[in-house]
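Report on the structure given below.
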Number of protein chains: 2
Amino acid sequence: MPKTKVTIKDVAREADVNPSVVSRVLNKDSTLKVREETRERVWEAAAKLNYRPNRMAKMLRTKKSKMIAVLISKFSDLYFTAILEGIVWVAEERGYIISVFSTEEDRKKGSKCIETVYEYGMDGAILASSYVEEKTLQQLRYSSVPMVMLRRSSREFGVMGMLADELAGVSMVMEHLIGLGHQKIAHISGELFSRSGLKRFEGYRKALYENGIPYRVEYVQESDQTEKGSYDAMMRLLELEDPPTAVFAFNDTVAFGAMSAIRDKGLRIPDDISVVGHDNTILSEHTYPRLTTVDSRMKDMGELAAKMLIDAIEGKENAGERGEPECDIKIEPRFVVRESTGRVRK
Amino acid sequence: MPKTKVTIKDVAREADVNPSVVSRVLNKDSTLKVREETRERVWEAAAKLNYRPNRMAKMLRTKKSKMIAVLISKFSDLYFTAILEGIVWVAEERGYIISVFSTEEDRKKGSKCIETVYEYGMDGAILASSYVEEKTLQQLRYSSVPMVMLRRSSREFGVMGMLADELAGVSMVMEHLIGLGHQKIAHISGELFSRSGLKRFEGYRKALYENGIPYRVEYVQESDQTEKGSYDAMMRLLELEDPPTAVFAFNDTVAFGAMSAIRDKGLRIPDDISVVGHDNTILSEHTYPRLTTVDSRMKDMGELAAKMLIDAIEGKENAGERGEPECDIKIEPRFVVRESTGRVRK
DNA sequence: CTGAAAGCGCTTACAG
DNA sequence: CTGAAAGCGCTTACAG
């Protein structure tokens, strides 16, 4: 192992050429005309000495670090692993390493992370957290470091944005339930001031309307997205005079809370009431019964984000100015039918 | 933002001193005697220009990257997030950034990751994966890059090791069950060629012996640690002539499989049979009923690993050769009682 | 076809 | 108390 680091000079000496030739051969510089025999000598020398170019020197010279930053808000985020997996997968393929930062739901800290990204000369960043000071966020537009924001629209900050197609997902949920004969469909919503909370509620209303099912205010319960809050919300639904036969929960965690309430009321899922979640987190395979849900395809989102980012990074080299950064990419969700939904009871 | 990067020369010009003075002031070089007034001018100039030293240049010069690598085997590992959280927490505190690599259960790939760690000049690495070629592993001993291995003994590779105290955890499980009056305690083991599989089985036998409970071969079922395999193992237990009243499952996933089998047999948990898991993964809070389990304190393990690693990195600077790397640190588990265990039925 | 030189942005002995 | 210089290990115009 690197007892004494072997440098380009060592290789040059071994191959009996100038260091610059070593560099150009090893980097496959196409503009270089070199005798085949020399080229081989260089490769052999490099292999013999087990030469690994020093990245730090390379970085300093080329202004390219081959490092990408990923900002997340908190580790307990159930999406985090899937997103990161997708990112790491394509990053590795394209020769980048990734560095993880946690903003911790603290905008000051988020801004510091961005500072660090610049300081370390990272080539780009994927922001899966928007806990960043407004000021910093606004400056992103003028930064020469490409970034892509997950779950945020590009229009806000002039960087590439990537979103789930919320309406499409909810539409799948509602078609499924209506197809099973349900008419009394309730919705335990997320916070109705967040984008996804609003979007999913909108999709719910839209589907009812399009299917000629009257909207009932009492069938919509806002939850704080905790299990406890969702449990309470479900209890309120179950205590209605005319309780629903199916519930569309804002996400899987909310669905869990709801399922507990249903069981505590002595009702069976899906015989008495059907439950649908959203997000297809690791948890949804492990509920009892296993949860029907919408897969937001977070791994795919991570992959796509990394691809777009790296394209932007490498495109920049040629293009000079980066082109249209202000585009939103939508990811189509997938519907996953498991055991928590069934035909409506007669 | 960094439209045109400001360098140490810009600050020097602004403060009207030599770049070397800027460097020494900003790095709080204690050997430097400098007029208070000059010092202030430097700080002001740096602040005014919003100067951030270029890490790449600094790295190249000082041979310190302030970067730590974390190797994991796969993203679906339920421990991963907790370990990483602990690591990131202390790394940030001490001024290091962390870089994540996935070995993917592929030793070749693992060795490549290690290569990359050297190439990028990382200051140290935490190996939460041992999917690394044997050859590479053996060379770790002679590497000048400090490393700590998680869930592996140090003796194998001459690097610091960190282990859970398996026997202590199992002992807690058994005391709990015996305290609830259980005598017919089964064990769905993990693979009996893995360290943890063996250790937990050993703990199970030991506890039986120490409590004067006879060991019954048919009460131990080896599982492949999948849910399906564990389901089958539990079914075998339930079909015994004299079935157990309590089961200690190798880990939470195994416990899930077992719980499904119990439910499918029409039995209730914990009324008819108690179930204990191991690891306190995110899942265990979400089973029905919620799972009693052993908390391996992975976040703490991550924190401790990062602390030890950074101490080694920084200790090296002074100490020259690093001291005793061959030490195993054991993490004491904690027992978490939830709802899947109860008094034995009369 | 290959070499010599400059320079990326820092830090650190060494002068003065 | 502060400055000038060398050098970390590369890459890349420029010579020849």
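Letters A, B, ... are given to chains in the order of the sequence lines, protein chains preceding strands, and every chain is numbered from 1.
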Report summary line: Judged by nearest nucleotide, the residue sitting upstream toward the 5' end of DNA chain D, A:S23 or B:R35, is B:R35
Query raised in the report: For A:R61 and D:dG9, what is the distance between atoms CZ and P respectively, to the nearest whole Å?
Result: 16 Å
Report task. Round to a whole Å and report the spacing from CE of B:M56 to P of D:dG7. Result -> 24 Å
Requested in this report: May I ask you to verify whether the side chain of A:R24 and the base of C:dG3 hold a donor-acceptor pair under 3.5 Å?
Outcome: yes
**Report entry** Pair A:E104 + A:K74: basic N to acidic O under 4.0 Å
**Finding:** no
Query raised in the report: Quick one: is D:dG9 close enough that its OP1 or OP2 comes under 4.0 Å of any side-chain N or O from A:K58?
Result: no
**Report entry** Atom-to-atom span, CZ of B:R13 to C1' of C:dG9 - whole angstrom
**Finding:** 13 Å
Requested in this report: In whole angstrom, give the distance that lies between atom CD of B:E37 and atom C1' of D:dT2.
Outcome: 13 Å
Query raised in the report: Rounded to the nearest Å, what distance is computed from the CG atom of residue B:D10 to the P atom of nucleotide C:dC8?
Result: 12 Å
Query raised in the report: What integer distance in Å separates A:E36:CD from C:dT2:P?
Result: 11 Å
Query raised in the report: So A:N54 and A:R52, side chain to side chain donor-acceptor pair (under 3.5 Å) or not? Walk me through it.
Result: CA-CA 6 Å; A:N54 179 328; A:R52 302 275 161 236; over 6 Å; no
**Report entry** Between P of D:dC10 and CD of B:E119, the distance in whole Å
**Finding:** 10 Å
Query raised in the report: Do side-chain atoms of B:D10 reach the backbone of B:T7 as a donor and acceptor pair under 3.5 angstrom?
Result: yes
Report summary line: Comparing nearest nucleotides in DNA chain D, the 5'-proximal residue of the pair B:D16, B:A57 is B:D16
**Report entry** Nearest-neighbour nucleotide for the A:V21 side chain, C:dG3, D:dT12, C:dG9 considered
**Finding:** C:dG3
Query raised in the report: What class does the angle between the rings of A:F80 and B:F80 fall in, given that below 30° is parallel, 30 to 60° is tilted and above 60° is perpendicular?
Result: parallel
Requested in this report: Start with the C-alpha distance between B:S73 and B:S129, add both sets of side-chain angles, then the distance that settles side chain to side chain donor-acceptor pair (under 3.5 Å), and finish with yes or no.
Outcome: CA-CA 5 Å; B:S73 51; B:S129 161; 4.6 Å; no
**Report entry** Partner nucleotide, any strand, of D:dC14 [Watson-Crick/G-U, under 3.5 Å]
**Finding:** C:dG3
Report task. Let me know the distance between CG of A:N18 and P of D:dG16, rounded to the nearest Å. Result -> 15 Å
Query raised in the report: Is any side-chain nitrogen or oxygen of A:K63 closer than 4.0 Å to OP1 or OP2 of C:dG9?
Result: yes
Report task. For D:dC10, take OP1 and OP2 only and decide whether either is under 4.0 Å from a side-chain N or O of A:Y51. Result -> yes
Query raised in the report: Checking only heavy atoms, does the side chain of B:S20 share a donor-acceptor pair with the base of D:dA5 at less than 3.5 Å?
Result: no
Query - Shortest side-chain distance from B:N27, nucleotide among D:dA4, C:dG9, C:dT11 - result: C:dT11
